[in-house]
Amino acid sequence: MQIPPFVRKTFPAVASAALYALAFPPANLFLLVFVALVPWLSSLRLSTPKEAWRSGLLFGWLFWMIQMAWLVPFVGRWTGSFWLGRVPWVLVPVLVVWFFGLLGWLIQRAYGS
């Protein structure tokens, strides 16, 4: 059975974000921190610069959505509005995801040279 190209290109970034999520509370499998980036970084070696940029954006978005999940209940309780709690949870990843896109592109360039 052939793996669809979409899955083959997105799986490493999703796997790395999931491993990072498991490394921190509530799962708290802290040793996963040392291997969490391996799937994503190894996939950048075989990527084109455009694919590396997209992979970085995906990894960064997933990473920050998971890391900032605490903002929803915190701001929700603070303001009394569940929906207002979602605003910073969505804004933070949108603002910082560009770093990971650039990082993926630069790492791919470093592998290529």
Side-chain angles (χ1 to χ4, degrees):
M1 186 169 131
Q2 190 75 354
I3 299 173
F6 175 75
V7 173
R8 189 175 64 242
K9 291 177 185 175
T10 59
F11 179 74
V14 172
S16 287
L19 288 172
Y20 252 119
L22 290 172
F24 294 103
N28 209 22
L29 302 171
F30 62 92
L31 291 176
L32 286 177
V33 161
F34 298 109
V35 295
L37 288 177
V38 171
W40 181 56
L41 293 176
S42 63
S43 73
L44 294 177
R45 184 179 299 270
L46 303 174
S47 299
T48 65
K50 194 174 193 179
E51 290 171 349
W53 169 261
R54 289 179 185 158
S55 179
L57 291 178
L58 176 64
F59 172 75
W61 184 75
L62 290 172
F63 174 78
W64 282 105
M65 290 295 277
I66 293 167
Q67 292 300 313
M68 293 292 129
W70 62 272
L71 277 173
V72 176
F74 176 72
V75 175
R77 283 190 215 124
W78 181 35
T79 62
S81 170
F82 175 76
W83 292 107
L84 194 57
R86 296 216 181 251
V87 172
W89 180 61
V90 172
L91 281 181
V92 169
V94 167
L95 294 175
V96 297
V97 72
W98 307 106
F99 168 78
F100 286 97
L102 179 63
L103 181 66
W105 179 76
L106 287 172
I107 290 172
Q108 190 279 333
R109 298 282 303 205
Y111 279 148
S113 53

Acceptor/donor pairs from residues 46-53 side chains to any protein atom, 3.5 angstrom cut, sequence neighbours excluded:
| residue | atom | partner | partner atom | Å |
| --- | --- | --- | --- | --- |
| Ser47 | OG | Ser43 | O | 2.8 |
| Thr48 | OG1 | Glu51 | N | 3.2 |
| Glu51 | OE1 | Thr48 | N | 3.1 |
| Glu51 | OE2 | Lys9 | NZ | 3.0 |

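- Criterion: ILVMFWY side-chain heavy atoms under 4.5 Å apart, direct or through other members. Under it, Leu62 and Val90 are part of a common hydrophobic cluster.
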Would you list the atom pairs, donor with acceptor, under 3.5 Å between side chains in residues 12-30 and any protein atom, with sequence neighbours excluded?
| residue | atom | partner | partner atom | Å |
| --- | --- | --- | --- | --- |
| Ser16 | OG | Pro12 | O | 3.3 |
| Ser16 | OG | Ala36 | O | 2.8 |
| Ser16 | OG | Trp40 | N | 3.0 |

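- In terms of the side-chain contact (heavy atoms from CB on, under 4.5 Å) criterion, residue partners of Thr79 (sequence neighbours excluded) are, by chain and number, Val75, Ser81, Leu84.
- Separating the CG atom in Leu103 from the CG atom in Leu57 is a distance of 11.0 Å, to the nearest 0.5 Å.
- The neighbour count for Arg77 CZ, taken as heavy atoms of other residues, nucleotides or ligands under 6.0 Å away, does not exceed 12.
- Side-chain contact check for Val72 versus Phe82: some heavy-atom pair is nearer than 4.5 Å.
- Qualifying side-chain contact (heavy atoms from CB on, under 4.5 Å) partners for Met68, counting only residues two or more places apart in sequence or in other chains: Trp64, Trp70, Leu71, Trp89, Val92.
- Shown here are the side-chain contact (heavy atoms from CB on, under 4.5 Å) partners of Arg45, two or more places apart in sequence or in another chain: Tyr111.
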Going by atom type alone, with no hydrogens or angles, which donor-acceptor pairs under 3.5 Å involve a side-chain atom of residues 95-102 and a protein atom two or more places apart or on another chain?
| residue | atom | partner | partner atom | Å |
| --- | --- | --- | --- | --- |
| Trp98 | NE1 | Val94 | O | 3.0 |

